[in-house]
Engineer: 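Just dropping this structure here.
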Amino acid sequence: MCGRYTVKTKDKKLAAQFQASLLESFDNHFNIAPTFRVPVVLMDTEKNERVLKRDYWGLVPYWAKNPKIAYQTTNARADTVSEKPSFKRAFKKTRCLIIMDGFFEWERSVTPKQPYYISMKDEQPFACAGLYETWKVRWEEDKRDIEKAEKTGKKPKAVKWPINLGGKNYNEGEELESCSIITTEPNPLMAKIHDRMPVIIDPKNYEVWLDPKMHDEGVLKTLLKPYTDTKMQCWPVSQVVNKVGDDDTENCIKEVKVQS
DNA sequence: CCAGACGTTGTT
DNA sequence: GTCTGG
DNA sequence: CCAGACGTTGTT
DNA sequence: GTCTGG
C-alpha cells in the first residue's frame, strides 16, 4: 500500500514547512509512482541540518548486486522493518521523512476498482516514515558474476549499463540514494477501503525520527502507528474534483482516471 | 501502485 | 552484509 | 559448510 | 502470469 501519491505543494514551501535546506529544486507532481525521484527530508550529519532532496523511490540496499530489488521495496512493513535484511540497517541509521500532500488507494472489493484520494482535512502536506540507503553501481562485479553463471551453465542475469534509474543514467562507481515508505495497519478511516496504510509521522516527532543518533528500537517503533483518523479525509477521486475544485487536483484526477 | 507489454524474421 | 535452508 | 535470498502488495 | 516503465 501507498504506491501512488501527490506532491502538489511547491518545493520552497515544503522546505519552509519542514525546516530543511532545499538542495535540489523540483516540480510538483500529481501522480507519483515507484521509481520516481521523490522529495525526502533527512539529516545532513556533517552540517547537522535538515535537507530536502530527491531520492529514487524503491530502496536498493547497499549490498544489492542489482537494483531490480527496488520494485518490491517501495514499502517496508512496520512490524518487521527492524529485522529484514533489506531494511534493518536503514531503520537503525538512515531514516527520513517522505513528503506528500495526499495519496491514492484503490478499493478492490468493488468492480471496477475504485480509486480514493486520502489527505489531511486541512489539506496541508504531511510526512511519512521513510528509510533511505546509498547503493553504488558495481558493473565490474556483475560481469564476474555473469561469467561465473555461464560456466556453471546457469542463465546469467543480464545487467544493462549504464543503468537508467529515475530518469538518470548511473555509470560504474556512481551512487544512487533510494528510499522506502513504511506501512502499518489501517486506522478506522482507511480500513473501509484497505488493510494497509503509510505511517504518517506527527510533526512533534520529526526530530526523534530523523535523529541519526537515535538507536532505541522501542522508541522508534512507538512512532510507527496508524495516524489519527479524525485529522484525515478520504474521498473517491470522482468526488475530490467537486469537493476541492482547484486546477491542480483536477489535473491529478484526470491523470489517475486515464491510468486506471 | 497501475498500465501495458509480452516476439522474430526479413524487408522497406 | 547477513540470514536461512539444505 | 555453501548457495541463494534478501520484498510488498494483492490475487489466485 | 510476470515483467517493465512510469
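Since this is a predicted model, take the numbers as computed values, not measurements. Throughout, protein chains are lettered first and strands after them, A, B, ... in sequence-line order, and every chain is numbered starting at 1.
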Engineer: For A/W57 and D/dT9, give me the distance from atom CH2 to atom P, rounded to whole Å.
Structural biologist: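 One finds 12 Å between P of D/dT9 and CH2 of A/W57, rounded.
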Engineer: Compare all side-chain heavy atoms of A/K10 with those of A/N28 and state whether any distance is below 4.5 angstrom.
Structural biologist: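 In short, these two side chains touch, coming nearer than 4.5 Å.
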Engineer: Between E/dG1 and B/dT9, how many Å separate the two P atoms, rounded to a whole number?
Structural biologist: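 To the nearest whole Å, 29 Å.
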Engineer: Can you identify which nucleotide, out of D/dT11, C/dG1, D/dT8, has its nearest atom closest to the A/R108 side chain?
Structural biologist: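 Nucleotide nearest to A/R108's side chain: D/dT11.
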Engineer: If two hydrophobic side chains count as joined below 4.5 Å and joins carry through other members, does A/Y71 share a cluster with A/Y56?
Structural biologist: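 No, separate clusters.
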Engineer: Using whole Å, what does the distance between atom P of nucleotide D/dT8 and atom NZ of A/K68 come to?
Structural biologist: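 To the nearest whole Å, that distance equals 19 Å.
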Engineer: Starting at atom CG of A/N66, determine the distance to atom P of D/dG4, rounded to an integer number of angstrom.
Structural biologist: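 Rounded to the whole Å, the gap is 16 Å.
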Engineer: On a whole-Å scale, what distance lies between the P atoms belonging to D/dC6 and E/dC3?
Structural biologist: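 My reading of the P atoms in D/dC6 and E/dC3 gives 13 Å.
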Engineer: Report the distance from atom CD of A/E83 to atom P of C/dT4, rounded to the nearest whole Å.
Structural biologist: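 It is 10 Å, rounded to the nearest whole Å.
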Engineer: Would you indicate what A/F87 reaches in the nucleic acid, counting non-hydrogen atoms under 4.0 angstrom: base, sugar-phosphate, or nothing?
Structural biologist: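 A/F87: backbone/sugar contact only, no base atoms under 4.0 Å.
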Engineer: Could you check which of D/dT9, C/dC3, B/dC1 has an atom nearest any side-chain atom of A/K88?
Structural biologist: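 Nearest to the side-chain atoms of A/K88, counting from C-beta on, is C/dC3.
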Engineer: CD1 of A/I182 versus C1' of D/dT9: gap in Å, rounded?
Structural biologist: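 Answer to the nearest Å: 17 Å.
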Engineer: Grab the CE-C1' distance between A/M190 and D/dT9 for me, whole Å please.
Structural biologist: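 My rounded result for the distance is 13 Å.
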Engineer: Please confirm whether the shortest side-chain N or O distance from A/K65 to OP1 or OP2 of D/dG4 is below 4.0 Å.
Structural biologist: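 No.
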Engineer: So for A/T35 and E/dG5, does any side-chain atom that can act as donor or acceptor lie under 3.5 Å from a complementary atom in the base?
Structural biologist: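 Answer is no: no donor-acceptor pair is held.
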Engineer: Touch check for A/R89, heavy atoms < 4.0 angstrom, all strands: base, sugar-phosphate only, or nothing?
Structural biologist: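 Nothing, no nucleic acid heavy atom in range.
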Engineer: From the options C/dG1, D/dC6, E/dG6, select the nucleotide whose nearest atom is closest to the side chain of A/Y71.
Structural biologist: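 So the nucleotide nearest the side chain must be E/dG6.
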Engineer: What orientation do A/F103 and A/F126 show, parallel under 30°, tilted 30 to 60°, or perpendicular over 60°?
Structural biologist: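 Rings of A/F103 and A/F126: perpendicular, as their planes differ by over 60°.
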Engineer: Hunt down the Watson-Crick or G-U wobble partner of D/dC6, both distances under 3.5 Å, from any strand shown, or write none.
Structural biologist: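 Paired with D/dC6, as far as the under-3.5 Å criterion goes, is C/dG1.
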Engineer: What distance, rounded to whole Å, do you find between the two C1' atoms, one in B/dT8 and one in D/dC1?
Structural biologist: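 To the nearest whole Å, 46 Å.
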Engineer: Relative to the ring of A/F18, is the ring of A/Y206 parallel (under 30°), tilted (30 to 60°) or perpendicular (over 60°)?
Structural biologist: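 Tilted, since the angle between the ring planes falls between 30° and 60°.
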Engineer: Using atom C1' in both nucleotides, what's the gap between D/dC2 and B/dG10 to the nearest angstrom?
Structural biologist: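 The answer is 48 Å between these two C1' atoms.
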Engineer: Please give, in whole Å, the distance from E/dG5 C1' to A/R4 CZ?
Structural biologist: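 Whole-Å distance recorded here is 10 Å.
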Engineer: Could you tell me how far D/dA5 sits from B/dG4 if I compare only their C1' atoms? Round to whole Å.
Structural biologist: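 B/dG4 and D/dA5 have their C1' atoms separated by 29 Å.
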Engineer: So which nucleotide from D/dT8, C/dG1, B/dC2 ends up closest to the side chain of A/K84?
Structural biologist: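 That would be D/dT8.
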Engineer: Kindly state whether the pair A/W63 / D/dC6 counts as stacked, where counting means centroids closer than 5.5 Å and planes tilted less than 30° apart.
Structural biologist: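 Stacked: ring centres under 5.5 Å, planes under 30°.
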Engineer: Are any of A/T183's side-chain N or O atoms less than 4.0 Å away from OP1 or OP2 of D/dT9?
Structural biologist: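 True: A/T183 side-chain N/O within range (under 4.0 Å) of D/dT9 OP1/OP2.
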Engineer: Under the side chain to side chain donor-acceptor pair (under 3.5 Å) test against A/S21, which residue among A/K53, A/K47, A/E49 passes?
Structural biologist: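 When A/K53, A/K47, A/E49 are each tested with A/S21, the side chain to side chain donor-acceptor pair (under 3.5 Å) holds only for A/E49.
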Engineer: How long is the line joining CH2 of A/W106 and C1' of B/dC1, in whole Å?
Structural biologist: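 Atom-to-atom, A/W106 to B/dC1, this comes out as 6 Å.
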Engineer: When all nucleic acid strands are considered with a 4.0 Å heavy-atom cut-off, which category describes A/A70: base, sugar-phosphate, or nothing?
Structural biologist: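 Since no nucleic acid heavy atom lies under 4.0 Å of A/A70, the category is nothing.
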Engineer: Select base, sugar-phosphate, or nothing to describe what A/S86 touches, counting heavy atoms under 4.0 Å on all strands.
Structural biologist: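 Sugar-phosphate, backbone atoms only, no base.
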Engineer: Can you tell me if A/N75 and A/T183 form a side-chain donor-acceptor pair at under 3.5 Å?
Structural biologist: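 Looking only at side-chain atoms, A/T183 and A/N75 do not form any donor-acceptor pair under 3.5 Å.
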